[in-house]
Amino acid sequence: MIADIPLMPILAKLFEGLLATLLLSLLAFVLGGAMGLLVLFARLGHWPLARRISRGYIQLFQNTPLLMQMFLVFFGASMAGYSISPWTAAAIGLTLYTSAYLAEVWRGSVEAVPRGQWEASSSLAMGYVQQMRHVVLPQALRLSVAPTVGFSVQIVKGTAVASIIGMTELSKIGSMLANATFQPFLIYGLVAAGYFILCWPLSMAASHLEKKLNAAR
């Protein structure tokens, strides 16, 4: 028995949280991907200062907890005189986190392209931008598809951290419902099922793409 609250309203509230989690994940993936691309070009470019800054950026966000990053964005903005919502702080924190990881995933894919491809394109008098656009990136894109889709699972699960700063996503709503119904096992079981519904197709897609692309080589 669920204390004074029927099952359907509980499922409806959890569905709202599921949509919020999905929206935050998509936003972090799109914005983090765009920023990660900029970090990638800075990391692989010819400017030593840009390479050092991008390397430091990646090290910073890969070696600090996502929760601390969200805390710093949320409370740092308040200390600077800007009031931002937990939703905005979560989106910014998760975007920064995502960009650092995706930049490294894509850097590995670019560096996995055989050196002979660079030399061959250089012999055709291609500049750096032309080499990247016409020769290297098309091959690196193919190598990076599977790990990029796989990392999207980490983004979805990372949204759970946003509940700590007050964003009402799936974990936060689950916590509130567990306190209201005194049925934590049932509620958190439904929350876990929600994350599974979001993450399982991504894991299967990453596995399928990895097998397909490896077989096509």
Just so I know, are the side chains of [X] and [Y] near enough to count as touching, which here means a heavy-atom distance under 4.5 Å?
| X | Y | answer |
| --- | --- | --- |
| Gln183 | Ile10 | no |
| Leu44 | Glu111 | yes |
| Arg107 | Val110 | no |
| Tyr97 | Thr64 | no |
| Phe71 | Ile164 | yes |
| Trp106 | Pro147 | no |
| Pro138 | His134 | no |

Kindly say whether Val149 contributes a backbone atom to a donor-acceptor pair with the side chain of Ser152 at under 3.5 angstrom? yes
Ser163 side chain vs Ala160 backbone, donor-acceptor pair below 3.5 Å: yes
Could you pull out all residues at least two apart from Phe61 that satisfy ring pair (Phe, Tyr, Trp, His ring centres under 6.0 Å)? Tyr57
For [X] and [Y], which heavy atoms make the closest approach, and how far apart are they?
| X | Y | value |
| --- | --- | --- |
| Ser109 | Leu143 | O-CD1, 3.6 Å |
| Ala103 | Ile58 | CB-CD1, 4.2 Å |
| Thr168 | Met176 | CG2-CE, 4.3 Å |
| Ala90 | Ala162 | CB-CB, 3.6 Å |
| Pro86 | Met167 | CB-N, 3.7 Å |

Which distance, rounded to the nearest 0.5 Å, do you find between the [atom1] of [X] and the [atom2] of [Y]?
| X | Y | atom1 | atom2 | result |
| --- | --- | --- | --- | --- |
| Leu67 | Leu72 | CG | CG | 9.5 Å |
| Ile155 | Leu202 | CD1 | CG | 9.0 Å |
| Leu49 | Ser54 | CG | OG | 9.5 Å |
| His208 | Met204 | NE2 | CE | 11.5 Å |
| Thr88 | Tyr82 | OG1 | OH | 14.5 Å |
| Leu18 | Leu11 | CG | CG | 11.5 Å |

Test side-chain contact (heavy atoms from CB on, under 4.5 Å) applied to Arg43 and Glu104, step by step: CA-CA 9 Å; Arg43 184 82 169 81; Glu104 273 301 86; 4.0 Å; yes
Could you list the donor-acceptor pairs under 3.5 angstrom formed by side chains in residues 189-201, with sequence neighbours left out?
| unit_1 | atom_1 | unit_2 | atom_2 | d |
| --- | --- | --- | --- | --- |
| Tyr195 | OH | Glu169 | OE1 | 3.1 |
| Tyr195 | OH | Ser171 | OG | 2.7 |

Given the rule that I, L, V, M, F, W and Y join up when any side-chain heavy atoms are under 4.5 Å apart, are [X] and [Y] in one cluster?
| X | Y | result |
| --- | --- | --- |
| Phe185 | Leu14 | no |
| Phe29 | Leu37 | yes |
| Leu38 | Val30 | no |
| Phe15 | Leu186 | yes |
| Phe41 | Ile53 | no |

Pair up each side-chain donor or acceptor in residues 20-27 with any protein partner under 3.5 Å, not counting sequence neighbours, and list the distances.
| unit_1 | atom_1 | unit_2 | atom_2 | d |
| --- | --- | --- | --- | --- |
| Thr21 | OG1 | Gly17 | O | 3.1 |
| Thr21 | OG1 | Leu170 | N | 3.2 |
| Ser25 | OG | Thr21 | O | 2.7 |

Pair Gln139, Gln117: side-chain N/O donor-acceptor within cut-off below 3.5 Å: yes
side-chain contact (heavy atoms from CB on, under 4.5 Å) between Ile92 and Phe74, intermediate numbers included: CA-CA 9 Å; Ile92 294 173; Phe74 187 58; over 6 Å; no
Answer yes or no: are there more than 12 heavy-atom neighbours, outside Arg51 itself, under 6.0 Å from its atom CZ? yes
